[in-house]
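Take a look at the structure below.
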Amino acid sequence: MPKFSDRVERISISGIREVFEAAGDDAINLGLGQPDFPTPAHARAAAVDAIESGKADAYTENKGTASLREAIAEKHRTDQGIGLDPANVIATAGGSEALHIALEAHVSAGEEVIVPDPGFVSYDALTKLAGGEPVPVPLRENLTIDPAAVEAAITEDTAAFVVNSPGNPTGAVSSEADVREFARIADEHDVLCLSDEVYEYTVFEGEHHSPMEFAETDSVVVVNSASKLFSMTGWRLGWVYGSAERVDRMLRVHQYAQACASAPAQYAAEAALRGDRGIVTEMTDSFERRRDILLDGLSDAGIDCPTPKGAFYAMPRVPEGFVDECLDRGVIVVPGEAFGEGGRGSARISYATDEDELREAISTMTEAYEAVQ
């Protein structure tokens, strides 16, 4: 039997998926990171029009359509005041591909990538697929990424560090002061800051800031996506941007791995970016209400949980056996260690679900917590 590559043998199926497969079909799913809102009607209509008119029949440019990249650049000029050239944007198959090509383009075999611990599962796995070595850095007590810890972890072998705000799995939002520090660290140490900003619009307290706003060199690459911004997870449309030189290297990976993002999805994302943004406010207000429902319920149960200030995740501290008890009772939550050793002793809860189901799940989690005390 032919052997497998060392790179693929270093990774395994996500612990999140393992939990899903262990649960029953009728379980309440607090594990899936997916908004429960429909894609905006004008985005759907744009895709339908592109299909029916034949515009979506052919390959687009490798980087994506010029009009989509102009809409993305306009979005970042408006939201962050960044003078982004549309030529320095690549439309990708979701934020996942954007992360992948960014790491492939910047990490050589054996080089280190500093990742938050706990952090999104792809950071560790994609670093290994690129032949690199993940270097986990523990978070603060409030689950934010500590710039001082990142800087202390940098060695001569460091190629990049990853920051994520608002964060998955934590819901933490980095302060402007911290984000300025991330930019300074990247500039002064000549390492790449890879900023994952896919939850940018879902902020309840504070404001979203990007290291790109403050960097004085080309030391930052930003990943974003329509998936969470506009409830378009199934459309698989993201983007990555940076300096022309960095985009050139990422494009070399993208053009062979993907050629171009799905054409219908590109037209849909452009419409979402240019159209009415009412759904953004609606989703954020709804997620904030659900966050408060969850925090109140966890507090009443005696479960300690740092207050998430964005995204739609919470990471309560739970005793051993809690996740299994929840699964046995028909509620899916994800063990914190699925996101790194720093998550051990916690569980990740996604509250992007119906409020009535959320209340039912809280009651069940209370029972599970009592059972393992």
Side-chain angles (χ1 to χ4, degrees), residues 39-99 101-102 105 194-201 208-213 215 218 220-233 235-255 257-281:
T39 296
H42 54 278
R44 291 179 176 178
V48 171
D49 177 69
I51 292 168
E52 292 184 340
S53 67
K55 290 192 297 183
D57 290 351
Y59 293 120
T60 71
E61 295 177 47
N62 288 143
K63 290 181 181 179
T65 66
S67 56
L68 169 61
R69 288 182 285 115
E70 287 167 1
I72 291 169
E74 182 180 327
K75 172 248 180 294
H76 288 289
R77 283 195 295 268
T78 301
D79 292 345
Q80 281 91 40
I82 294 167
L84 177 57
D85 184 340
N88 294 339
V89 177
I90 303 173
T92 60
S96 299
E97 194 219 345
L99 286 168
I101 66 174
L194 179 55
S195 184
D196 179 354
E197 302 178 13
V198 301
Y199 297 94
E200 172 190 343
Y201 286 159
H208 170 76
H209 288 282
S210 171
M212 188 66 83
E213 297 174 45
D218 75 338
V220 177
V221 163
V222 173
V223 166
N224 213 318
S225 170
S227 292
K228 310 302 167 70
L229 300 188
F230 302 114
S231 195
M232 295 177 66
T233 53
W235 294 83
R236 308 314 303 137
L237 196 290
W239 59 88
V240 61
Y241 71 88
S243 69
E245 190 174 18
R246 297 192 185 282
V247 166
D248 173 75
R249 271 51 172 199
M250 291 187 286
L251 186 63
R252 297 180 193 183
V253 183
H254 171 72
Q255 68 179 353
Q258 188 67 25
C260 64
S262 160
Q266 290 188 54
Y267 289 105
E270 180 186 346
L273 285 159
R274 294 192 184 281
D276 178 31
R277 300 275 188 92
I279 190 174
V280 172
T281 301

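Computed from a predicted model, the values in this text were never measured in an experiment.
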Problem - Taking every non-hydrogen atom, the tightest pair across A91 and G64 - result: CB-CA, 4.1 Å

Exercise for the section: Give a yes or no answer on whether the side chain of R236 reaches the backbone of M232 with a donor-acceptor pair at less than 3.5 Å. Expected result: no

Practice task
Taking the side chain as every heavy atom from C-beta outward, state whether I101 and R249 have any atom pair closer than 4.5 Å.
Solution key: no

Completion exercise
Heavy-atom nearest pair, Y267 first then A46, reads O-CB, 3.6 Å

Problem - Side chain to side chain, E197 and M212, heavy atoms closer than 4.5 Å - result: no

Handout entry: Among T92, L229, V89, side chain to side chain contact (heavy atoms under 4.5 Å, CB included) partner for N224
Key = L229

Exercise for the section: Anything under 30° is parallel, anything over 60° is perpendicular, the rest tilted; go ahead and classify Y201 against F230. Expected result: perpendicular

Problem - Distance, nearest 0.5 Å, that separates CD of E74 from OG of S67 - result: 11.5 Å

Handout entry: E200 side chain reached by Q80 side chain, heavy atoms, under 4.5 Å
Key = yes

Problem - Check: L251 and V253 side chains under 4.5 Å, non-hydrogen atoms - result: no

Exercise for the section: Measure across C260 and T60 and return the closest heavy-atom pair with its distance rounded to 0.1 Å. Expected result: CB-OG1, 3.5 Å

Problem - Close side-chain approach of L273 to L68, heavy-atom, < 4.5 Å - result: yes

Practice task
State, yes or no, whether a side-chain contact exists between D218 and R246 at a heavy-atom distance under 4.5 Å.
Solution key: yes

Practice task
Give the minimum heavy-atom separation between A87 and V247, together with the two atoms involved.
Solution key: O-CG1, 4.1 Å

Exercise for the section: I would like to know whether V221 and M250 meet side-chain contact (heavy atoms from CB on, under 4.5 Å); could you show each step before the answer? Expected result: CA-CA 10 Å; V221 163; M250 291 187 286; 4.1 Å; yes

Handout entry: Atom pair OG/CG of S210 and D196 - distance to nearest 0.5 Å
Key = 11.0 Å

Handout entry: Minimum-distance pair of heavy atoms, taken over all atoms of G95 and V223
Key = O-CG1, 3.8 Å

Handout entry: Donor-acceptor contact below 3.5 Å, side chain E97 vs main chain G94
Key = no

Practice task
Give a yes or no on whether the backbone of K63 and the side-chain of H254 come within a donor-acceptor separation of less than 3.5 Å.
Solution key: no

Handout entry: Ionic contact status for R69 with E61, cut-off 4.0 Å
Key = yes

Exercise for the section: Please answer whether the main-chain N or O of A261 pairs with a side-chain N or O of Q266 as donor and acceptor at a distance below 3.5 Å. Expected result: yes

Exercise for the section: Report yes or no: does R77 contribute a side-chain atom to a donor-acceptor pair with the main-chain N or O of L84 at less than 3.5 Å? Expected result: yes

Problem - Close side-chain approach of L237 to S227, heavy-atom, < 4.5 Å - result: no

Practice task
Supply the atom-to-atom distance H42 NE2 to D49 CG, rounded to the nearest 0.5 angstrom.
Solution key: 14.0 Å

Practice task
Write down the atom of T39, the atom of A43, and the distance for their closest heavy-atom approach.
Solution key: CG2-CB, 3.9 Å

Handout entry: Any side-chain heavy-atom pair of W239 and H76 under 4.5 Å
Key = yes

